[in-house]
Protein chains: 2
Amino acid sequence: MFTAEHAIRRYRETRRKITPQRIAVFRALEGNTSHPSAEDLFESVARSVPGISRATVYNTLETLRELGEVREYHFQADFRQFDPNTAPHHHCLCTDCGRVHDVHGGDFGTVRLPAGRLPFRADSFSVTFYGHCDRCGGAKSSRRGRVAAHSHSSHM
Amino acid sequence: MFTAEHAIRRYRETRRKITPQRIAVFRALEGNTSHPSAEDLFESVARSVPGISRATVYNTLETLRELGEVREYHFQADFRQFDPNTAPHHHCLCTDCGRVHDVHGGDFGTVRLPAGRLPFRADSFSVTFYGHCDRCGGAKSSRRGRVAAHSHSSHM
DNA sequence: GACTAATTTATAATAGTTCTAGATTAATGG
DNA sequence: CCATTAATCTAGAACTATTATAAATTAGTC
Ligand SMILES: [Mn+2]
Ligand SMILES: [Mn+2]
Ligand SMILES: [Zn+2]
Ligand SMILES: [Zn+2]
């Protein structure tokens with residue numbers, strides 16, 4: 001689990017300096033399940049560290065990614081999103097508002113490459129569901145909360 | 001299945017004009033399993049239609065996407081990729097060279113949202129495997145062709 | 001073949017990200 | 001503490017994919 005303390009330890013281990021700017025980015029990521037973009041994090045961090053540069057936020061995110069402390073996703077075309085939760089989990093992307101929810105805790109079925117001779121060695125995978133979130137449920141399904149409980153399966 | 005003829009039919013149906021530029025883009029997409037970017041398609045099409053503008057390629061792709069004739073993916077951060085195969089299928093993204101392979105024809109398991117009360121209505125989903133392709137197999141696994149036959153499963 | 005709205009083109013604008021050079025500072029050790 | 005110095009930070013320029021604009025061209029229609 002990502003914590004500012006853990007990130008600081010990793011930075012020390014790898015002979016990197018601990019700066020107020022970096023700590024602020026770590027804190028902004030701690031427990032953050034919103035899959036923020038670099039700009040999101042910049043805006044959030046700039047409140048506690050006025051004058052921080054975007055470059056610093058970008059650089060810190062890149063380092064954390066190299067260290068394997070955050071994972072980068074490309075849910076949308078226009079910006080990258082970061083997730084301090086590096087454990088494998090699925091995501092739901094609302095195609096209306098762009099919000100991304102984690103999926104965890106249930107029976108999600110299995111995902112595997114066919115045992116056949118596919119010319120590829122897979123290290124990991126990611127599953128993204130596209131649809132509509134709670135708040136965007138849509139005009140026709142204004143009966144919130146029920147609509148949500150939807151199951152989706154496939155056997156491609 | 002996407003064909004230039006089918007795209008032309010759809011363009012006629014929706015009162016859009018058939019131009020040499022558009023036909024060239026249709027042809028470039030026909031049977032294309034490389035998941036090309038707009039720039040890839042521009043370069044390819046520019047050979048047969050010198051002077052074509054990038055804007056035309058972008059506009060045509062956008063229209064095809066609206067018509068549901070191609071699907072747009074965000075495998076990488078820096079550009080969008082298009083797939084004329086709109087049937088649901090999985091993908092393998094080589095994290096070395098960026099090539100994307102389709103996955104189809106075997107037993108891939110099932111994917112579903114937990115039947116519980118997840119506040120989300122899913123319309124579709126996409127599965128992406130990350131790893132190393134045939135050609136990029138890596139130094140340690142130069143024994144190509146065997147490495148490939150790898151199976152990956154999960155029950156998160 | 002003429003008409004006209006749709007399309008195309010070249011180019012400017014935009015947005016996210018990366019690069020750069022000079023100013024600042026964390027870490028080290030006397 | 002203070003001095004040293006390599007690492008870091010900042011502001012802003014540069015870069016890249018994409019979108020917007022406006023004027024020129026053309027597909028479709030009669
Ligand atoms: Mn997540
Ligand atoms: Mn595909
Ligand atoms: Zn939403
Ligand atoms: Zn490869």
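Naming: A, B, ... by sequence-line order, numbering from 1 per chain. Quick caveat, the model's predicted, so the values are computed rather than measured.
- Per the geometry, CG belonging to B:Asp40 stands 10 Å off P belonging to D:dT18, to the nearest Å.
- Comparing C:dT17, D:dA20, C:dG16 by their nearest atom to the side chain of A:Asp78 picks out C:dG16.
- For the atom pair CG (B:Asp134) and CZ (A:Arg121), the distance works out to 11.0 Å, reported to the nearest 0.5 Å.
- B:Ile52 is linked by a side chain to side chain contact (heavy atoms under 4.5 Å, CB included) to B:Gln21, B:Phe42, B:Val45, B:Ala46, B:Val49, B:Thr56, B:Val57, counting only residues two or more places apart in sequence or in another chain.
- The side-chain heavy atoms of A:Arg71 and A:Ser124, taken from C-beta on, include a pair separated by under 4.5 Å.
- Aromatic ring orientation, B:Phe75 versus B:His91: perpendicular (interplanar angle above 60°, classes split at 30° and 60°).
- For the atom pair CD (A:Gln76) and CG (A:Asp78), the distance works out to 7.5 Å, reported to the nearest 0.5 Å.
- Distances from the side chain of B:Tyr58 to the nucleotides D:dT10, C:dT17, D:dT19 place D:dT19 closest.
- Using the six-membered ring where Trp is involved, B:His89 and B:Tyr73 have ring planes that are perpendicular, over 60° apart on the 30 and 60° scheme.
- Nucleotides of DNA chain D nearest to A:Arg54 and A:Ala77 differ in position, and the one nearer the 5' end is that of A:Arg54.
- Each of D:dA17, C:dT7, D:dT10 was ranked by its minimum atom distance to the side chain of B:Arg22; first place goes to C:dT7.
- In this structure, A:Asn59 places its CG atom 9 Å from C1' of C:dT18, rounding to the nearest Å.
- The distance from atom NE2 of B:His74 to atom C1' of C:dT17 is 17 Å, rounded to the nearest whole Å.
- Remark: C1' of C:dA15 and CZ of B:Arg80 are 11 Å apart, rounded to the nearest angstrom.
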### Query
What string of B, S and - do you get for nucleotides 21-30 of chain C 5' to 3' if you count protein non-hydrogen atoms under 4.0 Å?
-----BS---
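- Following rounding to the nearest Å, B:Glu39 (CD) and D:dC15 (P) show an atom-to-atom distance of 17 Å.
- Between the CD1 atom of B:Ile52 and the C1' atom of C:dT7 there is a distance of 12 Å, rounded to whole Å.
- Atom OH in B:Tyr11 sits about 12 Å away from atom C1' in C:dA6, given to the nearest Å.
- Taking the six-membered ring where the residue is Trp, A:Phe26 and A:Phe2 present perpendicular rings, their angle passing 60° and hence far from 30°.
- In this entry the distance linking CZ of A:Phe79 with P of D:dT18 reads 15 Å, nearest Å.
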